[in-house]
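Remarks on the structure that follows.
Labels below follow one simple rule: chain letters A, B, ... track the order of the sequence lines, proteins then strands, and each chain is numbered from 1. Since we're looking at a predicted model, the values are computed, not measured.
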Protein chains: 2
Amino acid sequence: MFQAAAQTVFVSSAAASVYRSVFLVGCRRYCKKTPTKLRISEALSGAELGADVKVQGWVRSVRPQKNNVFLHVNDGSSLQSLQIVGQAKLNDPLLTFGSAVEVTGILKKSPHQKQPVELEAEQIRVVGECNPVDFPFKIKDRHSLEYTRQLPHLRCRTNAFSSLLRIRSEAAAAIHSYFKNNGFLQIHTPIITSNDCEGAGELFKVEPSGPDFSDDEEFFSVPAFLTVSGQLHLEVMSGAFSRVYTFGPTFRAENSQSRRHLAEFFMVEAEISFTESLDDLTKVMEDMFRSATEHVMARCVEDVDLFHRHVTPGHRVKIYLPHRCKWNSLYKASLQLLSAATDWGCDLMTEHEKHLVKHCGNLPVFVTDYPYDLKPFYARDNQDHPRHTAAAVDLLVPGVGELCGGSLREERLNLLMARAGLEDTYSWYLDLRRFGSVPHGGFGLGFERYLQCILGVDNIKDVIPFPRFSHSCML
Amino acid sequence: MFQAAAQTVFVSSAAASVYRSVFLVGCRRYCKKTPTKLRISEALSGAELGADVKVQGWVRSVRPQKNNVFLHVNDGSSLQSLQIVGQAKLNDPLLTFGSAVEVTGILKKSPHQKQPVELEAEQIRVVGECNPVDFPFKIKDRHSLEYTRQLPHLRCRTNAFSSLLRIRSEAAAAIHSYFKNNGFLQIHTPIITSNDCEGAGELFKVEPSGPDFSDDEEFFSVPAFLTVSGQLHLEVMSGAFSRVYTFGPTFRAENSQSRRHLAEFFMVEAEISFTESLDDLTKVMEDMFRSATEHVMARCVEDVDLFHRHVTPGHRVKIYLPHRCKWNSLYKASLQLLSAATDWGCDLMTEHEKHLVKHCGNLPVFVTDYPYDLKPFYARDNQDHPRHTAAAVDLLVPGVGELCGGSLREERLNLLMARAGLEDTYSWYLDLRRFGSVPHGGFGLGFERYLQCILGVDNIKDVIPFPRFSHSCML
């Protein structure tokens, strides 16, 4: 015992603090005085039963009883909170909903079925107070998404939004994994660009705000905008790496406050060289969707369950369908459906999309080969006159509408040259076709719409940490 | 054999194209007619020796000889190209440096030591021509970084820049892995913000460019800017999840074309709750650096080697040093060094940073506890009058200077309230201290500077796909 105590003293004064945690782990067996710091998810795993531990987090409930006080403490590492049991003398008027605490004690098997583990507290310390009168969330209330949306700096403290953010983080990781495992290189495409990829009208302009710059002078010497797509930059890269992707924010200055639109949203975009058919593209879209969704369902069981039970009840069935059906079986039918649903030559409207999805049994459906004149200059000409279509594809999903859009890109220099104006503004893009051009294609997926799709969330503002849209840029 | 042929026919006309690749793999053993599509890195691995394969990529060299033609073909999946050997009759005047080709043939063990594997071509098809007179890269030249920088749409086709982008992609993945494995949640902090986190003067303003908006009206109802840091948004999240990080672009409207500055660059930022000393922060910085660097060194051996041999010769030793030395041993000395190097009360200039790093044996050094008045409002007051410092830390590294900057954040409401003006503009930030405030801290790492640091690259424009700086926004 003497030796262990001496070690403790040495450790706490050691300059080489990098070794501290190593020593402490070794020391813990002998001296009970230094509890192991655990996250709530680690404590709940049950691996440390019997250990002297310290947990830190925020109080989700307080139940003082005659002999004991019961707390639930959450630190965001999981949806579940850890139950703390302390003697009545450990109660403190500052132990309120939302306050921050540090608790030391022994992890025990819980006598209650609801939780596997509980912490028998030896000490409960209130680290940060939380006045229940001022705190905008109340302990017993279930707050609506509309209400929490007004509190962007606090809404991550609600169960629903913390679950959403854990799912979002896991889904992002899953998408990165999918691409990495399939030989795609991640490219950080730029946010500020001098391209106007999809035509004017919805662009944000970027200018320095400081006094160092006069109004006559462009900071970048050319007009600069926030990107609406990383596609053209990915096309540059697909000419060297064959398979590339980007995953980052994109922007639209759309004057809309609808449940479907954001001024800043995340897109996953991929570009694949030596691709000669839309089948190659739709296969990647579908594989990525399934792979990410399976990953999220496996890793975020409780969080997804919370959504399907309490936030978007009734969605459970829908969400699993994309796993079980064969999307491709719907694929070939799409062109005819498109003709039936719309006058040929008109772009699909939201109502048409809904009709198509419904017609296909409320399953995801790929719509392919749009009228050539509706698509941007880079879409590949199918040369199927007189109908004249472009090799473009959209993926429509129930409840959300367009989830992905993609196309084969026109790789033939002479066909691109025939499009007016390209030589002036996009000579660099024509260079990609001058020097070692290859058949290629790509697509983009709206990441927020993906989250809406798998969780059944109606409003896109509820699946992004800090939504930006017209007349709203909170924080 | 009949059965196999029948299968092939069935497969190529099968509507259920999702199963095509599965069938082909099963079929390949029997019918030699359908070569397996391989990436160059897969072909080079030697796993498919003897197989009938198809590779696709860009020609890096052509050597016609009397009986044979030798090509090197690269598809970006690795630095190494695959050697193709074909009979002289397969040569084609269109087989030039930079042209795109598709080659089928048999993978064989190479008789030459330089490469383990070569492809004996049965067919060589030029997919995309590349006129060697017009193509700005020449087959025998080694092009300078300055020259390639002028060709942002083509420079990924050079060895050096393709290696850089593979390293960059791998380093980004390694950083994500580090945080995921250590219980950090990824938060997509916003690009557009109404905060001015670090003071005015270097901000980009964001405004819609279309005709739908008048000049008098703000799109977001408030002035909106490109983010200079995700820190304040991460602090919101650290109040629910304890450990959070973000990895994305940040912006400075700095009128500089120096080798150290970009208008758009990537930052890794982390925020950690229940953190009471700078040691906790510096440990994460150091762990992340070491973890990512070890990962890159192990996964990108050839690409890193190319840099250290040809692009930045002499850097090899430096790069490994951060792995081998103990950063922490330099840590305690920094405050005294700072006093020696500067007049107390002045911020560190680039020259001071160089001096400090040199003084510490050209090793990374943490500089801690800066004068309080030099640091932003959120830095935690050390209350060590009369000296009066803030609990802030910078990590300085050889050649690059400041790589990371961080601090403990002022979690005490009364101390924050004493700072003028916060109540008006940052009442939401004060709310974080009103409701369950906890001691916390965080830091940011400049991702491009990190790449410069491990590769020895002098100019920051050479480590980002599409550099943006004053008077330059190409593509």
Side-chain angles (χ1 to χ4, degrees), chain A residues 15 17-18 56 58 75-76 98-100 127-128 130 135 153 156-157 162 169 172-173 180 183 185-188 190-192 194 201 203-210 212 219-222 224 236-237 240-242 249 253 255 264 274 279 328 428 431 435-438 465-466 468 470-471 473, chain B residues 17-18 39 56 58 75-76 98-100 127-128 130 135 153 156-157 162 169 172-173 180 185-188 190-192 194 201 203-210 212 219-222 224 236-237 240-242 249 253 255 264 274 279 328 332 428 431 435-438 465-466 468 470-471 473:
Chain A
S17 64
V18 68
Q56 298 161 312
W58 293 268
D75 67 356
S99 61
V127 177
C130 184
F135 193 48
H153 60 309
C156 55
R157 304 189 190 189
S162 71
S169 179
K180 192 166 201 299
L185 205 71
Q186 187 190 2
I187 300 293
H188 289 133
I191 300 299
I192 302 176
S194 48
L203 290 173
F204 285 110
K205 195 167 186 321
V206 174
E207 280 170 343
S209 73
D212 294 356
F219 179 90
F220 293 108
S221 298
V222 291
V236 165
M237 296 301 173
F241 299 105
S242 313
N255 200 353
E264 172 177 336
F274 303 104
D279 280 359
N328 285 49
W428 64 267
D431 270 1
F435 306 122
S437 182
V438 302
F466 299 94
R468 274 83 180 86
S470 68
H471 302 298
C473 183
Chain B
S17 63
V18 69
R39 301 204 70 191
Q56 297 162 312
W58 293 268
D75 68 355
S99 60
V127 177
C130 183
F135 193 48
H153 60 309
C156 55
R157 304 190 189 188
S162 72
S169 180
K180 193 166 200 301
L185 204 72
Q186 187 189 2
I187 300 293
H188 289 132
I191 300 299
I192 302 176
S194 49
L203 291 173
F204 284 110
K205 194 164 187 323
V206 174
E207 279 168 344
S209 73
D212 293 355
F219 180 89
F220 293 108
S221 298
V222 291
V236 165
M237 295 300 174
F241 299 107
S242 313
N255 200 352
E264 172 177 336
F274 303 104
D279 280 0
N328 285 48
K332 296 278 171 191
W428 65 266
D431 270 2
F435 306 122
S437 182
V438 301
F466 301 93
R468 273 81 180 88
S470 67
H471 301 296
C473 183

Which portion of B:Glu264 sits near chain A, non-hydrogen atoms under 4.5 angstrom: side chain
Let's test your reading of the structure: which of A:Pro190, A:Cys156, A:Gly76 forms the most heavy-atom pairs below 4.5 Å with chain B? A:Pro190
Backbone N or O of B:Asn255 within a donor-acceptor pair of the B:Ser470 side chain at under 3.5 Å? no
Compute the centroid of each ring, for B:Phe204 and then for A:Phe204, and state whether the two points are separated by less than 6.0 Å. no
Taking every heavy-atom pair that is under 4.5 Å apart, which of B:Ala224, B:Pro465, B:Pro249, B:Ser99 has the most such pairs with chain A? B:Pro465
Heavy-atom side-chain proximity of A:Trp58 to B:Val438 below 4.5 angstrom: yes
When rounded to the nearest 0.5 angstrom, what is the spacing between CD1 in A:Ile192 and CZ in B:Arg468? 7.5 Å
Need one label for B:Arg39: side chain, backbone, both or neither, based on atoms under 4.5 Å from any heavy atom in chain A. side chain
Give the member of B:Ser437, B:Ala100, B:Cys473 that has the highest number of heavy-atom pairs under 4.5 Å with chain A. B:Cys473
Between B:Met237, B:Arg157, B:Lys180, B:His471, which residue shows the highest count of heavy-atom pairs closer than 4.5 Å to chain A? B:His471
Between A:Ala240, A:Ala172, A:Gly128, which shows the greatest number of heavy-atom pairs under 4.5 Å with chain B? A:Ala240
Would you call the rings of A:Trp428 and B:His153 parallel, tilted or perpendicular if under 30° counts as parallel and over 60° as perpendicular? perpendicular
For the residue pair B:Phe135 and A:Phe435, does the interplanar ring angle fall in the parallel (under 30°), tilted (30 to 60°) or perpendicular (over 60°) class? tilted
If you count heavy-atom pairs under 4.5 Å with chain B, which of A:Val127, A:Val206, A:Ile187, A:Ile191 comes out on top? A:Ile191
